[in-house]
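Just so we're clear, the structure is a prediction, and the values are computed from it rather than from any experiment. Reckoned from all heavy atoms, side chains included, excluding hydrogens, waters and symmetry mates.
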Amino acid sequence: MERQKAEAVLEAVLFTMGESVEISRLAAVLEMDIKEVKQILEDMQKRYEEEDRGIFLLWLEDSVQLSTKAEMYEYLIKIAKTPRKMVLTDTVLETLSIIAYKQPVTRLEIERIRGVSCDHAVNKLLEYDLITELGRLDAPGRPLLFGTTEQFLRCFGVRSLDELPELSAMQVEEFKQQAEAEAGFLSTGGEGEEA
């Protein structure tokens with residue numbers, strides 16, 4: 001593999017991984033000798049320094065990571081919010097699925113499909129920026145309409161809603177059975193998700 005192509009592959013892999021990657025794994029991907037890959041990485045590091053780039057290669061034992069320079073932190077915090085860890089329980093995922101496939105959809109429509117309250121799930125999805133309020137339905141009470149966001153597309157690796165897989169009738173029935181089981185659990189005194 002030519003050197004320029006090898007550098008491009010290394011940058012792409014390290015950028016995408018976002019964490020340290022063993023040099024031996026990088027060598028395997030490139031089908032190159034470990035010493036040769038180390039030399040390419042060292043040359044990349046020198047170039048990043050010479051060009052005063054905002055990134056550098058962080059060396060960790062037998063691994064390397066593409067990282068942001070510490071002096072860039074003040075600029076990053078202006079644009080990036082504190083990252084939140086998303087915990088998508090089955091209930092939250094089911095609610096998200098309903099919104100993705102039925103949007104724009106009201107909370108009441110979601111609850112009709114699931115058979116149980118969806119307040120907690122909708123609030124979590126709003127917090128994670130996976131759904132957004134699209135406006136209000138022109139009906140009594142003017143209920144909010146929900147739909148998915150660009151963040152939803154990014155998280156699930158699709159470019160548009162057209163790329164979502166089709167739901168089979170069996171999957172829809174499974175959703176209903178799970179919601180009914182959850183409703184039975186809640187009505188018998190089990191603890192819900194409202195934690």
Leu66 side, atom CG; Ile55 side, atom CD1 - distance, nearest 0.5 Å:
4.5 Å
Over 12 foreign heavy atoms within 6.0 Å of CD, Glu51
yes
Do Val29 and Leu60 sit in the same hydrophobic cluster, where Ile, Leu, Val, Met, Phe, Trp and Tyr count as joined when their side-chain heavy atoms come under 4.5 Å apart?
no
Non-hydrogen side-chain atoms of Leu130 and Cys155 separated by less than 4.5 Å
yes
Steps toward side chain to side chain contact (heavy atoms under 4.5 Å, CB included) verdict (Leu153, Leu161):
CA-CA 8 Å; Leu153 297 177; Leu161 295 173; 4.1 Å; yes
Is the shortest side-chain N to carboxylate O distance from Lys46 to Glu49 below 4.0 Å?
no
To the closest 0.5 Å, what do you measure between CZ (Arg47) and CG (Leu57)?
9.5 Å
Apply side chain to side chain contact (heavy atoms under 4.5 Å, CB included) to Glu42 and list each qualifying residue two or more places apart in sequence or on a separate chain.
Gln39, Trp59
Nearest 0.5 angstrom please: Gln4 CD to Glu7 CD, how far?
7.5 Å
To the closest 0.5 Å, what do you measure between CG (Leu26) and CE (Met17)?
9.0 Å
Is it possible for you to say whether Leu137 and Leu108 belong to one hydrophobic cluster, with membership spreading through side-chain heavy-atom contacts below 4.5 Å?
no
If I take atom NE2 from residue His120 and atom OG1 from residue Thr91, how far apart are they, to the nearest 0.5 angstrom?
8.0 Å
To check you understand the geometry: which heavy-atom pair defines the closest contact between Leu126 and Phe146, and what is its length?
CD1-CE2, 4.1 Å
Please check if atom CZ in Arg154 has more than 12 non-hydrogen atoms from other residues, nucleotides or ligands closer than 6.0 Å.
yes
So, Arg136 side chain and Arg142 main chain: donor-acceptor pair closer than 3.5 Å or not?
yes
State the OH-CG distance between Tyr101 and Leu96, to the nearest 0.5 angstrom.
10.0 Å
Give a yes or no on this: more than 12 heavy atoms of other residues, nucleotides or ligands lie within 6.0 Å of atom CD of Glu31.
no
Would a 4.5 Å heavy-atom cut-off, applied to side chains only, mark Leu145 and Thr106 as touching?
yes
Ignoring hydrogens and geometry, is there a side-chain-to-backbone donor-acceptor pair from Gln103 to Thr148 under 3.5 Å?
yes
Shortest non-hydrogen separation from Cys118 to Arg107 and the atoms involved:
SG-CG, 3.5 Å
Between Ala6 and Met32 the two heavy atoms that sit nearest each other are CB-SD, 4.1 Å
Quick one: does Lys69's side chain have a donor or acceptor within less than 3.5 Å of a partner on Arg53's backbone?
yes
I'd like to know if Val13 and Ile34 are part of one continuous hydrophobic network [Ile/Leu/Val/Met/Phe/Trp/Tyr, side-chain heavy atoms within less than 4.5 Å].
yes
Begin with the C-alpha distance, continue with both residues' side-chain angles, and end with the deciding distance and a verdict on side chain to side chain contact (heavy atoms under 4.5 Å, CB included) for Glu109 and Lys102.
CA-CA 9 Å; Glu109 289 173 290; Lys102 296 280 190 181; over 6 Å; no
Can you tell if the side chain of Val64 reaches within under 4.5 Å of the side chain of Leu58, non-hydrogen atoms only?
no
Mind listing the closest non-hydrogen atom pair of Thr68 and Phe56 along with its distance?
O-CE2, 3.4 Å
Are more than 12 heavy atoms, taken from residues, nucleotides or ligands other than Asp138, located less than 6.0 Å from that residue's CG atom?
no
Indicate if Val105 and Leu93 have the same hydrophobic cluster label, given that clusters are the connected sets of ILVMFWY residues with side-chain heavy-atom separations under 4.5 angstrom.
yes
Scanning both residues in full, the closest heavy-atom pair of Gln151 with Asp129 reads CB-O, 3.1 Å
Only one of Asp62, Leu10, Val37 forms a side-chain contact (heavy atoms from CB on, under 4.5 Å) with Ile23, so which one is it?
Val37
Surrounding CD of Glu150 (heavy atoms of other residues, nucleotides or ligands, distance under 6.0 Å), is the total greater than 12?
no
Report yes if the side chains of Phe152 and Leu125 come closer than 4.5 Å at any heavy-atom pair, otherwise no.
no
For Thr149 and Ile131, work out which heavy atoms get closest and say how close.
CG2-C, 3.5 Å
